[in-house]
Amino acid sequence: MNSAEFRKLALSLAGTTAAPHFDRTAFKLHRTFATLAGDGASANILLTPDEQEHYASLAPGVFRRVPNKWGDQGWTTVSLAEVDAGLLLTALESAWRAAHPPAKRRAGRAR
């Protein structure tokens with residue numbers, strides 16, 4: 001997997017857009033669910049903490065918790081050169097689903 005392949009995979013998920021985000025590219029739906037490093041060597045994806053632990057145990061050299069408070073929230077670094085495309089797609093789809101907008105809680109309610 002390289003940065004161009006990652007970009008193509010992320011943008012293949014319905015409604016996803018890409019935009020600059022500091023020194024990275026952010027992939028968003030309602031909110032950011034993945035970022036691609038400027039050097040193209042890695043990406044960060046937003047998983048639940050349980051998913052993060054699962055993927056890190058499946059491929060410890062490939063999936064690693066971001067080592068700060070962002071990692072506590074599920075942000076996980078993926079080494080692109082080492083990741084299997086099918087496994088990455090499964091993880092990206094999970095992050096993408098979590099980025100959907102919340103249900104409209106106020107629909108039909110008077111303020």
Side-chain angles (χ1 to χ4, degrees):
M1 176 74 50
N2 61 38
S3 62
E5 292 167 329
F6 178 87
R7 178 182 298 277
K8 184 176 179 180
L9 200 60
L11 290 172
S12 74
L13 300 171
T16 299
T17 61
H21 180 72
F22 301 100
D23 63 337
R24 306 177 76 84
T25 301
F27 297 89
K28 307 177 187 188
L29 192 55
H30 175 68
R31 63 182 183 162
T32 299
F33 66 89
T35 63
L36 177 62
D39 66 4
S42 66
N44 291 339
I45 60 174
L46 181 57
L47 301 171
T48 66
D50 287 342
E51 290 169 332
Q52 181 185 67
E53 186 177 324
H54 171 74
Y55 285 104
S57 70
L58 279 178
V62 177
F63 292 90
R64 294 176 312 282
R65 180 187 168 280
V66 171
N68 58 29
K69 68 180 180 178
W70 294 103
D72 294 343
Q73 297 173 22
W75 282 100
T76 306
T77 299
V78 181
S79 176
L80 295 181
E82 300 172 34
V83 71
D84 172 79
L87 185 58
L88 178 59
L89 178 58
T90 301
L92 264 176
E93 287 171 337
S94 179
W96 173 82
R97 278 190 300 277
H100 279 76
K104 294 182 180 178
R105 295 183 181 104
R106 297 182 186 202
R109 289 187 191 173
R111 292 185 186 206

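This one's a predicted model, so the numbers in the text were calculated from it and none came from an experiment.
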CD/Q52 to OG/S57 distance, rounded to the nearest 0.5 angstrom?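 That separation rounds to 11.0 Å.
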Would you give the length of the straight line joining atom CD of E93 to atom OG of S12, rounded to the nearest 0.5 angstrom?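 E93 CD to S12 OG: 7.5 Å, rounded to 0.5 Å.
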Begin with the C-alpha distance, continue with both residues' side-chain angles, and end with the deciding distance and a verdict on side-chain contact (heavy atoms from CB on, under 4.5 Å) for D84 and V62. CA-CA 9 Å; D84 172 79; V62 177; over 6 Å; no
Nearest non-hydrogen partners of S79 and R64, listed with the distance: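 Heavy atoms only, the tightest pair is CB-NH1, 4.1 Å.
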For I45 and A34, which heavy atoms make the closest approach, and how far apart are they?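 Minimum heavy-atom separation between I45 and A34: CG2-CB, 3.8 Å.
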Can you confirm whether [X] sits close enough to [Y] that some side-chain heavy atom of one is under 4.5 Å from a side-chain heavy atom of the other?
X   : Y   : answer
L47 : Y55 : yes
F6  : L92 : yes
T32 : L46 : no
F63 : V83 : yes

Are L11 and L88 connected in a single hydrophobic cluster, I mean Ile/Leu/Val/Met/Phe/Trp/Tyr linked by side-chain heavy atoms less than 4.5 Å apart?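 Yes, L88 connects to L11 through the hydrophobic network.
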Indicate, with yes or no, if W75 and W96 share a hydrophobic cluster defined by side-chain heavy-atom contacts under 4.5 Å among Ile, Leu, Val, Met, Phe, Trp and Tyr.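 No, W96 and W75 fall in different hydrophobic clusters.
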Could you tell me whether the side chain of R31 and the main chain of A98 form a donor-acceptor pair under 3.5 Å?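 Such a contact is found between R31 side chain and A98 backbone.
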Partners meeting side-chain contact (heavy atoms from CB on, under 4.5 Å) with S3 (sequence neighbours left out):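 For S3 the side-chain contact (heavy atoms from CB on, under 4.5 Å) partners, ignoring immediate neighbours, are L36.
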Please list, chain by chain and in numerical order, all residues satisfying side-chain contact (heavy atoms from CB on, under 4.5 Å) with E5, sequence neighbours excluded.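 Per chain and number, E5 pairs via side-chain contact (heavy atoms from CB on, under 4.5 Å) with M1, N2.
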Atom pairs and distances, donor-acceptor, side-chain atoms in residues 15-28, under 3.5 Å, two or more places apart:
residue: T16; atom: OG1; partner: L13; partner atom: O; Å: 2.8
residue: R24; atom: NE; partner: T35; partner atom: OG1; Å: 2.8
residue: R24; atom: NH2; partner: T35; partner atom: OG1; Å: 3.4

